[in-house]
Amino acid sequence: MTDQTSDTTPNQPPLRPEAEVLAEARRRSRRSFIGLGLAGLAGLGGWKWLISQPEDEGIPRPLRKVLDANGRLSHAYYKETRLAPEFARSRARRPRVNGRYGLKSELDPETWRMQVQAYGTDKTQEFTLADVQALPKIEMVTELKCIEGWSVVVHWAGARFSDFLAKYPLATRSGRPVDPRNPPADLAPYAGIVTPDGKYYVGLDMDTVLHPQTLLCYEMNGKPLTPEHGAPLRLVTPLKYGIKHLKRIGTIAFADTRPKDLWAEMGYDWDSGH
Ligand SMILES: Nc1nc2c(c(=O)[nH]1)N[C@H]1C(S)=C(S)[C@@H](COP(=O)(O)O)O[C@H]1N2
Ligand SMILES: [Mo]
């Protein structure tokens, strides 16, 4: 694409309230899990066997197991604890430059700073690229999927957002650091990320922020990011569509409600997971 227009021209079906769509998707997936479980049991010996089994919380134990597995699966899915698939490095390609919102002005990497607003305060802390690079370097080869319908396997490197928040405790009201396996109760529910000029912005829920594959990314395919791919620092979060992979991070702020999100304002699903 040549400029920022191609993402704005899809034929979108009429929008329904997001909560309604989500609730329906959940109902549907739960029903099909239960259906599969019953079909499997019928194959194993049928309903008679099933109802002769000891009960667990009021229903036959084998069925309870299916329901529990179903619950675990859908919980895992909705809590975003699943991992995006990873690929061999040999499959990595350079993605097209897609979207230049917020990238129009010159940027001097020497004077660039990432500004992070501590949750619940108006205090902002500044970080250099070296601060981010001092965190453990994570490399991963994942698929960048654009809502336009293309996807490219990319080799990314950067720091985990969660490692950043474990070292710099900015996402809790108490100022405690964040252990992503045991997130504190006073953790902010959302983070908003904005380019330095304020022209591109995304909102992320905290499960996405703390996901092990969500990176503050500074390298693409073994080289420092180029300006058009988001130098010096961009977001990579492979369970979400490309629209959430904000290039050229300027500020991060934590919030109680969904932060503004450019593509959600234009009619896309706020979560934009796939
Ligand atoms: N600042 C900024 N970040 C952005 C965009 C943009 O327009 N501006 N476009 C997004 C979209 S729609 C996609 S698909 C990816 C593409 O990343 P790439 O240009 O590195 O391939 O960047 C995302 N991040
Ligand atoms: Mo995109």
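All ligand and atom numbering here is 1-based and tracks the order in the structure.
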Should Lys247 be counted as touching ligand 1, given the test is an N or O pair under 3.5 Å? yes
Is the closest side-chain donor-acceptor distance between Tyr201 and Glu265 under 3.5 Å? yes
Any heavy atom of Pro95 closer to ligand 1 than 4.0 angstrom? yes
Plane angle bin for Phe164 and Tyr168 - parallel if under 30°, tilted between 30 and 60°, otherwise perpendicular: tilted
Side chains of Ser272 and Asp269: do they bring a donor and an acceptor to under 3.5 Å? no
Per-atom filter on ligand 1: closer than 4.0 angstrom to a heavy atom of Val97 are 19 (O)
Subset of ligand 1 atoms that lie under 4.0 Å from at least one heavy atom of Cys146: 14 (S)
Any Arg234 heavy atom less than 4.0 Å to ligand 1: yes
Below 4.0 Å from any atom of ligand 1, is there a heavy atom belonging to Leu235? no
Does ligand 1 have any atom sitting under 4.0 Å from a heavy atom of Arg248? no
Quick one: which ligand 1 atoms are inside 4.0 Å of a heavy atom on Thr195? 1 (N)
Pairing donors with acceptors under 3.5 angstrom, does anything connect the side chains of Gln125 and Gln115? no
Numbering the atoms of ligand 1 from 1, which are under 4.0 Å from a heavy atom of Arg96? 18 (P), 19 (O), 21 (O)
Going by the order shown, which atoms of ligand 1 are within less than 4.0 Å of some heavy atom of Leu144? 17 (O), 21 (O)
Could you walk me through whether Tyr190 and Trp270 satisfy the ring-ring contact (aromatic ring centres under 6.0 Å, His included) test, starting with their C-alpha distance in whole Å, then the side-chain angles of each, then the deciding distance to 0.1 Å, before giving a yes or no? CA-CA 12 Å; Tyr190 298 101; Trp270 189 90; 5.6 Å; yes
Would you say Lys244's side chain and Pro238's backbone share a donor-acceptor pair under 3.5 angstrom? no
So, is His229 polar-close to ligand 1, with some N/O to N/O distance under 3.5 Å? yes
Quick one, Ser151 and Glu143 - any side-chain contact, counting heavy atoms below 4.5 Å? yes
If I apply the N/O under 3.5 Å rule, does Trp150 come out as touching ligand 1? no
Which bit of Tyr101 gets closer than 4.0 Å to ligand 1, counting heavy atoms only: side chain, backbone, both or neither? both
Contact check, side chains of Arg248 and Leu233, non-hydrogen atoms, under 4.5 Å: no
Any idea how Tyr200 and Tyr101 line up, ring-wise: parallel (<30°), tilted (30 to 60°), or perpendicular (>60°)? tilted
When you compare ligand 1 with Trp263, is there at least one nitrogen or oxygen pair between them that comes in under 3.5 angstrom? no
